[in-house]
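Structure, as structure tokens:
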Protein chains: 2
Amino acid sequence: MNTAPSQDTTPPAEHWRSYGPLDLHPILMHAMAAFNEHGYHGTSVRDIAGRVGVTVPALYYHYENKQALLATLLETSIKDVLDRCRAAAGETGDEPLARFCGMVESIVLYMAHRRQLAFLDTEIRSLEPQNRARYVALRDYLEHMLLDTVEAGRAQGVFTTPIPADAVRSVLVMCQGVANWFREDGPLTAEEVAERHVLLSLGTVGHPGAVTGDPPPFPRLVSHRSPSPVRTSAPGGSAPRASR
Amino acid sequence: MNTAPSQDTTPPAEHWRSYGPLDLHPILMHAMAAFNEHGYHGTSVRDIAGRVGVTVPALYYHYENKQALLATLLETSIKDVLDRCRAAAGETGDEPLARFCGMVESIVLYMAHRRQLAFLDTEIRSLEPQNRARYVALRDYLEHMLLDTVEAGRAQGVFTTPIPADAVRSVLVMCQGVANWFREDGPLTAEEVAERHVLLSLGTVGHPGAVTGDPPPFPRLVSHRSPSPVRTSAPGGSAPRASR
DNA sequence: CCTACCGATCGGTAGG
DNA sequence: CCTACCGATCGGTAGG
């Protein structure tokens with residue numbers, strides 16, 4: 001889209017499928033890890049400080065309190081997935097089927113590549129009302145984006161579910177669920193998990209092709225010719241399961 | 001099944017669709033409520049004792065410690081849903097489609113009718129290793145029951161998903177998700193939510209009828225003649241959404 | 001074998 | 001960013 005010369009100070013639009021190492025302040029990184037292991041209330045500020053290698057007061061020099069750590073992490077997370085999903089939707093255009101697939105792919109890629117951030121969604125209960133309200137508003141916006149696309153697809157007959165709002169909520173729940181079980185050293189890559197969840201989601205919203213396999217949205221998946229080097233059974237058998 | 005006379009001391013088999021008031025020790029009831037509101041680590045034993053109206057030592061007379069409260073609640077919950085799912089599977093017989101529908105219905109009914117118990121699933125991280133292992137084993141057993149049924153249906157062609165293990169995990173995640181948003185005073189009854197999730201789940205595992213509407217597994221749902229008195233749009237519009 | 005507490009205080013930790 | 005602390009509260013237990 002941007003045709004400006006490379007010396008333009010505008011950074012190149014980060015692609016929604018591209019994930020580098022997570023770049024957060026060390027305090028946020030270790031807070032994220034601790035919250036993942038023990039939950040928000042189960043984590044002491046001394047634990048976080050110890051992981052970072054600083055004293056407790058040093059923590060409070062950088063962040064107002066423990067709540068600010070969680071709020072910053074959750075807001076960073078929801079904004080990133082929302083940006084990526086918007087980018088995916090924009091790139092795939094107005095065709096509801098492709099748009100839906102791109103959005104689901106982008107969300108699942110996020111859940112897998114940013115598992116530790118995405119997993120914090122379970123801690124929204126520990127957000128103070130104002131922080132929670134902002135987080136939930138962004139999450140609801142994501143849900144509405146996806147619902148609009150499903151409604152558009154319904155109008156065209158590419159999605160047949162009679163209950164699009166329920167279907168979208170279920171799709172988002174199953175995407176979010178990826179953050180609960182995905183492991184980097186598991187049998188499936190993030191990209192493979194995303195591909196599978198696109199297929200599963202298409203079934204949930206009632207896309208005929210997802211069920212009949214005609215046309216196959218993911219030939220590799222449907223015909224069992226996955227390039228994944230990890231296989232727990234012969235081709236034609238059940239798919240390998242990710243670790244828990 | 002049981003043809004014994006009524007004076008038999010064997011209690012009538014509790015039906016898996018039947019839900020009376022939750023009957024737990026008052027301490028467990030209030031611990032459940034507190035854990036729901038603030039999480040395990042966010043709840044003090046004094047808070048629980050205060051809700052019950054007893055002193056803290058009185059709490060420790062009945063339960064060894066706070067951990068035992070959570071472990072008892074979670075074990076009660078997973079055993080109940082497992083029992084009900086087994087009953088549903090047994091009642092619906094060996095036909096994979098009906099069996100799958102019955103199992104999903106039983107699980108979703110549990111998530112809605114026993115929302116506060118089912119929601120504690122988010123606290124497994126706070127279980128000590130031994131307690132967690134027993135809980136996860138029972139949850140895995142439920143998953144295997146459902147997977148066996150989906151595999152059987154695949155062999156018959158009633159389910160077409162090429163990734164049955166992923167589909168089953170997604171189905172269970174979306175069922176569990178009901179405990180996150182269902183409200184008794186919401187627009188949908190537990191029974192309506194269960195019916196919708198059976199349809200959504202059929203799409204996820206690739207049951208052709210769920211997508212083509214032929215044959216319609218749930219005529220009321222597919223033809224928009226729901227008896228629900230709550231409607232947010234005219235027939236043919238989008239389905240009402242449950243409260244958050 | 002079960003149900004049912006009290007006033008006071010234990011050693012440590014919480015967020016700040 | 002550290003040393004030195006605070007008011008209060010944590011999960012759990014003492015003797016009676």
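Residue numbers begin at 1 in each chain, while the letters A, B, ... track the order of the sequences.
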(request) Quickly work out the H25(B) NE2 to dA4(C) P distance and round it to whole Å. (result) 6 Å
(message) Measuring from the side chain of K66(B) (C-beta onward, heavy atoms only), which nucleotide among dG15(C), dG12(D), dC10(D) has the closest atom?
(response) dG12(D)
(message) Given the structure, check if the side chain of R46(B) and the base of dG12(D) hold any donor-acceptor pair shorter than 3.5 Å.
(response) yes
(request) Measure the spacing between CD of E151(B) and OG1 of T149(B) and express it to the nearest 0.5 Å. (result) 10.0 Å
(request) Quickly work out the E128(A) CD to dG15(C) C1' distance and round it to whole Å. (result) 12 Å
(message) Measuring only the P atom in each nucleotide, how far is dA4(D) from dG16(C)? A whole number of Å is fine.
(response) 23 Å
(request) Mind listing the closest non-hydrogen atom pair of T43(B) and G39(B) along with its distance? (result) OG1-O, 2.7 Å
(request) Report the distance from atom CG of L59(B) to atom P of dG11(D), rounded to the nearest whole Å. (result) 11 Å
(message) Quick check for you: among dC10(D), dG16(C), dA8(C), whose closest atom lies nearest to any side-chain atom of S44(B)?
(response) dC10(D)
(request) Provide the distance between the two C1' atoms, one in dG11(D) and one in dT9(C), to the nearest whole Å. (result) 13 Å
(message) Go nucleotide by nucleotide along DNA chain D from the 5' end; which of Y61(A) and Y60(B) gets its closest nucleotide reached first?
(response) Y61(A)
(request) Rounded to whole angstrom, note down the P distance from dA8(D) over to dG12(C). (result) 23 Å
(message) Rounding to an integer number of Å, can you tell me how far I48(A) CD1 sits from dG15(C) C1'?
(response) 11 Å
(message) Heavy-atom nearest nucleotide on DNA chain C for E64(A) versus H62(B): which residue maps closer to 5'?
(response) H62(B)
(message) Could you measure the distance from the CD atom of E91(A) to the NE2 atom of H15(A)? Nearest 0.5 Å is fine.
(response) 4.0 Å
(request) With L74(A) as reference, evaluate L117(A), N131(A), I124(A), L138(A) under the side-chain contact (heavy atoms from CB on, under 4.5 Å) test and give the passing residue. (result) I124(A)
(request) Rounded off to whole Å, could you give me the CG-to-C1' distance for the L70(B) and dG11(D) pair? (result) 15 Å
(message) Tell me whether R86(A) forms a cation-pi arrangement with Y141(A), defined as NZ or CZ under 6.0 Å from the six-membered ring centre and within 45 degrees of its axis.
(response) no
(request) Using whole Å, report how far CG of D47(B) lies from P of dC10(D). (result) 9 Å
(message) If the cut-off is 4.0 Å, is T55(A) near the phosphate of dC2(D), judged by side-chain N/O to OP1 or OP2?
(response) yes
(request) Rounded off to whole Å, could you give me the OH-to-P distance for the Y63(B) and dC5(C) pair? (result) 14 Å
